[in-house]
Visitor: 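One structure follows; several queries about it will come next.
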Amino acid sequence: METRPDSIPKLQNYAPSRFMLPTSHYDQKKADRVVRFIEQLKHTKGKWAGKPFWLFPWQEQVIRDIFGIVDERGKRQFRTAYVEIGKKNGKSELAAAVALYLLYADGEPSAEVYGAAADRQQASIVFDVARQMVDMTPALLKRSKIMGATKRIVNYQNAGFYQVLSAEVGTKHGLNVSGLVLDEVHAQPNRQLYDVLTKGSGDAREQPLYFLITTAGTDRESICYELHQKAKDILDGRKVDPTFYPVVYGLADDDDWTDERNWYKANPSLGQTIQIERVRDMFREALDNPAEENVFKQLRLNMWVSSLTRFIPEHIYDLGDEPIDMESLKGRDCYGGLDLSSTGDITAFVLMFPPRNEEEKYIMLPFFWVPEDTIPIRVRRASVPYDIWRKQGYLNATEGNVIHYGFIEKFIEKLGEQYHILEIAFDRWGATQMVQDLEGMGFTVVPFGQGYKDMSPPTKEFYKLLMEGRIIHGGNPVMRWMAGNVVVDRDPAENIKPTKAKSAEKIDGIVAAIMALDRCIRHEDQSSVYDERGLLSF
């Protein structure tokens, strides 16, 4: 076997993924076996053609994590691997190598490995790389039959095969998947193919692996963006799913895309499979031609461009992560916003304390309720740590499987004994009885429309205050999660409003906070900031 060239760095000081379960462990022998298998394959393209497939450090990290981290039974912990990275970083070659390992060396009897994409031609790209790798590896070729016309590789030794699928969903039910390579997930027109190939298709297998590879896309309502967001949420600690392995190399919306140093964040193979001069040429083209800018950002920097965008970036929201002196709030004037859920969902109540002088900031105090019996299924379905938030005291649970409005009313009544709640704004929908009950307790309750007319001014003001670091929230994790979910609708007059329909997850707390802020502003010095300086333009 050829000696590894000095130009290809070796992974140094490997550390297993931080997403290991407490019951999992790193099996170095299993990881070494996969690395050895892959590095006996040959590259198929360009200057690397015919040379051993020496893994780059980022590729080896992925392989060791996926195949080396096993549960107490010795089976792989991760069932799904999501790898999002810019073009020409070697993800197709890595996917082909993974497919071949699953077919020839994973120890799975009658292995069924499938390649899929938005169309058969795209799915054939990884297959054709794998086919050439087999052709150049005598130990594999002698036990194989390659059928180019039907895009199928058969391994006679274990009666297994690697098959490219067409994109028609209806014919895919009933597959017994041991391995899946789904290429360019961002091009999927809907979630049907993904669901058919991953939901229950590998239940008869000991350790199926769904290897998903893609560059960033443009549709933030797609299955790919859903997976991208899940990967980012896991990486950032907002979600937990021990079976999902996230890899995202790319620039965030607020990263400086013109800074060459940032290009390496999206391209870990830069200088190897991609030459920096070529990227510089494409960058200059993007500067000269605005139409090329989004193409450069998407394909070379792995940025999600156009379509919907998160309204509140993390770095903006986190400006208000200062501790709150709860004792100092007692007896202070404040305003409430109540976003009342359907009986089975989250209810949010937010108190907003206006500043009493120019030096002070707004203070936001949120409270949340969910039906107790729904918490386990919420955790399982959405991979959101409702159970942990409840234990930490950030989330309240009412008994049963529906919201107990009477419990919430009593809770708000007790808050009224601690704080001077001047008004409570509420969404008119479904709140008639609670409004009457709160009024009976002595609260002033004000209806608040959810259309552009009522929501746009305080929504813009809310964002402005966040940008200025003038809303303190104490880092409440439920509210931080909701802030990251907010997407806004916009009308032709540039009015905006949060949209629950298009937001990735729950945003009830932010809606309640915006309503509470509106009541604050409208009562400051008996005049409205909207009247004094007009509306912000976004």
Visitor: For Y386 and W481, take the angle between the two ring planes, folded into 0 to 90°, and tell me which bin it lands in: parallel under 30, tilted 30 to 60, perpendicular over 60.
Guide: perpendicular
Visitor: How far does NZ of K500 sit from NZ of K506, to the nearest 0.5 angstrom?
Guide: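 Answer rounded to 0.5 Å: 8.0 Å.
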Visitor: If you count every heavy atom of other residues, nucleotides or ligands that lies below 6.0 Å from E72 atom CD, does the total exceed 12?
Guide: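 Counting other residues, nucleotides and ligands, CD of E72 exceeds 12 neighbours.
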Visitor: Less than 4.0 angstrom from a charged side-chain N to a carboxylate O is my criterion; do D233 and K230 meet it?
Guide: no
Visitor: Can you confirm whether or not the ring centre of F78 sits under 6.0 Å from the ring centre of F244?
Guide: no
Visitor: Between Y156 and R143, is there a cation-pi geometry (under 6.0 Å to ring centre, at most 45° from the normal)?
Guide: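 Ring-cation test returns no.
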Visitor: Applying side chain to side chain contact (heavy atoms under 4.5 Å, CB included), run through V384 and E505 and close with a yes or a no.
Guide: CA-CA 10 Å; V384 178; E505 263 283 5; 4.2 Å; yes
Visitor: Check the pair F311 / Y463 against side chain to side chain contact (heavy atoms under 4.5 Å, CB included), numbers first and verdict last.
Guide: CA-CA 8 Å; F311 180 56; Y463 186 78; 3.7 Å; yes
Visitor: Is it the case that more than 12 heavy atoms not belonging to K145 sit under 6.0 Å from its NZ atom?
Guide: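 No, NZ of K145 has 12 or fewer neighbouring heavy atoms, counting only those of other groups under 6.0 Å.
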Visitor: Nearest 0.5 Å, please: how far is CH2 in W263 from CG in L301?
Guide: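 Reported to 0.5 Å precision, the distance equals 7.5 Å.
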Visitor: Would you call R191-D195 a salt bridge at under 4.0 Å N-O?
Guide: yes
Visitor: Before accepting this row, confirm whether a basic side-chain N of the pair R261/D256 lies closer than 4.0 Å to the acidic partner's carboxylate O.
Guide: no
Visitor: Between D106 and R76, is there a side-chain N and carboxylate O pair less than 4.0 Å apart?
Guide: yes
Visitor: Could you check whether the rings of Y14 and Y26 sit parallel, tilted or perpendicular, using 30° and 60° as the cut-offs?
Guide: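 Rings of Y14 and Y26: tilted, 30 to 60°.
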Visitor: Regarding S144 and Y104, is there a side-chain donor-to-acceptor distance under 3.5 Å anywhere?
Guide: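 Their side chains do contain a donor-acceptor pair, which is all the 3.5 Å distance test asks for.
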Visitor: Could you go step by step and tell me if N158 and N155 meet the side chain to side chain contact (heavy atoms under 4.5 Å, CB included) rule?
Guide: CA-CA 6 Å; N158 67 0; N155 174 15; 3.0 Å; yes
Visitor: Using ring centroids (six-membered ring only for Trp), state whether Y101 and F67 fall under 6.0 Å.
Guide: yes
Visitor: Between D236 and R238, is there a side-chain N and carboxylate O pair less than 4.0 Å apart?
Guide: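 A salt bridge is present here (some side-chain N lies under 4.0 Å from a carboxylate O).
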Visitor: Salt bridge between D32 and R64, side-chain N to carboxylate O under 4.0 Å?
Guide: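 A salt bridge links D32 with R64.
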Visitor: Taking only Lys NZ, Arg NE, NH1 and NH2, and the carboxylate oxygens of Asp or Glu, determine whether R378 and D345 approach each other closer than 4.0 Å.
Guide: yes
Visitor: Does a donor on one side chain and an acceptor on the other come within less than 3.5 Å for N302 and E84?
Guide: yes
Visitor: Considering all heavy atoms of both residues, which atom of W257 and which atom of L251 are nearest to each other, and what is their separation?
Guide: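 For W257 and L251, the tightest heavy-atom pair comes out as CA-CD2, 3.8 Å.
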Visitor: Please say whether more than 12 non-hydrogen atoms of neighbouring residues, nucleotides or ligands are located less than 6.0 Å from NZ in K88.
Guide: no
Visitor: If I compare all heavy atoms of H43 with all of P52, which pair ends up nearest, and what's the gap?
Guide: CD2-O, 3.4 Å
Visitor: Mind checking the CG-OG1 spacing from L41 to T137? Nearest 0.5 Å is all I need.
Guide: 5.0 Å
Visitor: Can we call the ring centroids of Y114 and F161 under 6.0 Å apart?
Guide: yes
Visitor: Salt bridge check, R280 against E260: does any charged N sit closer than 4.0 Å to a carboxylate O?
Guide: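 Yes, this pair counts.
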